[in-house]
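Computed over heavy atoms, backbone and side chain alike; hydrogens, waters and symmetry mates excluded. Since the structure is predicted, the reported quantities are computational estimates derived from the model, not experimental observations.
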Amino acid sequence: MAQIGSFTRGDNGVYTGEIRTLTLRVKASIRPVEREHDKAPDHRVSAGGVEFGAGWTKAARDTGAEYLSLKLDDPSFPAPIYATLTQGDDGEHKLIWSR
């Protein structure tokens, strides 16, 4: 697993930060949204006014700590990117890529 981004959470619940991979480097935001139904995402991911991902709030089985499970997709990607946004040190949230 590799860290592909870092974010900070504002008082309004919006995460702002940057996503970095070998082919991607964008400033992005992760905004809470009102859920339309049970399987709808809790958050939407966007960069430059373009939505390219969604996130669901989850809880760790062992500790109960909340995190976001994200799916990022764009026509330039060979396949969707799955990642988790977890709280790190000093208010930083780490975006960790997983396969």
Side-chain angles (χ1 to χ4, degrees):
M1 293 192 285
Q3 183 173 342
I4 61 168
S6 60
F7 287 81
T8 55
R9 184 174 188 258
D11 293 336
N12 58 359
V14 176
Y15 297 89
T16 56
E18 185 176 54
I19 300 173
R20 298 174 310 277
T21 69
L22 291 174
T23 59
L24 180 70
R25 186 181 186 117
V26 296
K27 299 256 185 230
S29 64
I30 304 169
R31 299 183 176 282
V33 294
E34 199 169 310
R35 293 180 75 182
E36 299 164 6
H37 54 80
D38 289 346
K39 295 188 183 209
D42 300 302
H43 294 77
R44 298 285 183 183
V45 183
S46 61
V50 176
E51 184 179 311
F52 73 103
W56 293 263
T57 302
K58 305 281 183 171
R61 288 183 198 156
D62 299 341
T63 64
E66 283 193 354
Y67 65 94
L68 294 182
S69 175
L70 300 175
K71 179 180 179 182
L72 309 175
D73 201 0
D74 181 80
S76 68
F77 297 169
I81 295 173
Y82 295 93
T84 57
L85 186 68
T86 59
Q87 187 164 357
D89 300 329
D90 299 327
E92 177 196 28
H93 290 76
K94 298 177 180 184
L95 185 62
I96 307 295
W97 170 74
S98 59
R99 203 168 273 250

Show the nearest heavy-atom pair for residues [X] and [Y], with the distance to one decimal.
X: His43; Y: Val33; answer: N-CG2, 4.0 Å
X: Pro41; Y: Ala54; answer: CB-CB, 3.7 Å
X: Val26; Y: Leu24; answer: CG1-CD1, 3.7 Å
X: Gly64; Y: Ala59; answer: O-CB, 3.9 Å
X: Gly91; Y: Gln87; answer: CA-NE2, 4.5 Å

Worksheet item: For Asp73, what residues pass the side-chain hydrogen bond (donor to acceptor under 3.5 Å, both in side chains) criterion, not counting sequence neighbours?
Response: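 With sequence neighbours excluded, Asp73 shows a side-chain hydrogen bond (donor to acceptor under 3.5 Å, both in side chains) to no residue whatsoever.
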How would you list, by chain and number, every residue that makes a side-chain contact (heavy atoms from CB on, under 4.5 Å) with [X], sequence neighbours excluded?
X: Glu92; value: Gln3, Ser6, Lys94
X: Glu18; value: Arg20, Arg25, Lys27
X: Ser46; value: Ser29
X: Thr23; value: Thr21

Worksheet item: Does Leu70 share a hydrophobic cluster with Trp97, counting links as ILVMFWY side-chain heavy atoms below 4.5 Å and allowing steps through other members?
Response: yes
Discussion item. Grouping I, L, V, M, F, W and Y whenever their side-chain heavy atoms are under 4.5 Å apart, do Tyr82 and Leu85 come out in a common cluster?
Written reply: no
Practice prompt. Evaluate the side-chain contact (heavy atoms from CB on, under 4.5 Å) criterion for residues Ile30 and Leu95: first the C-alpha distance (whole Å), next the side-chain angles of each, then the deciding distance (0.1 Å), finally the verdict.
Written response: CA-CA 11 Å; Ile30 304 169; Leu95 185 62; 5.5 Å; no
Discussion item. So Pro32 and Val14, do their side chains get closer than 4.5 Å, heavy atoms only?
Written reply: yes
Fill in: Any Ile19 side-chain heavy atom under 4.5 Å of Phe52 side chain
yes
Practice prompt. Assess whether side-chain contact (heavy atoms from CB on, under 4.5 Å) is satisfied between Lys71 and Val45, documenting all intermediate values.
Written response: CA-CA 9 Å; Lys71 179 180 179 182; Val45 183; over 6 Å; no
Discussion item. Test of understanding: with salt bridge (charged side-chain N to carboxylate O under 4.0 Å, His left out), list the residues that count as partners of Arg31, not counting sequence neighbours.
Written reply: none
Practice prompt. Calculate, to the nearest 0.5 Å, the distance between atoms CG and CH2 belonging to Leu68 and Trp56 respectively.
Written response: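 The CH2 atom of Trp56 is 10.5 Å from CG of Leu68, to the nearest 0.5 Å.
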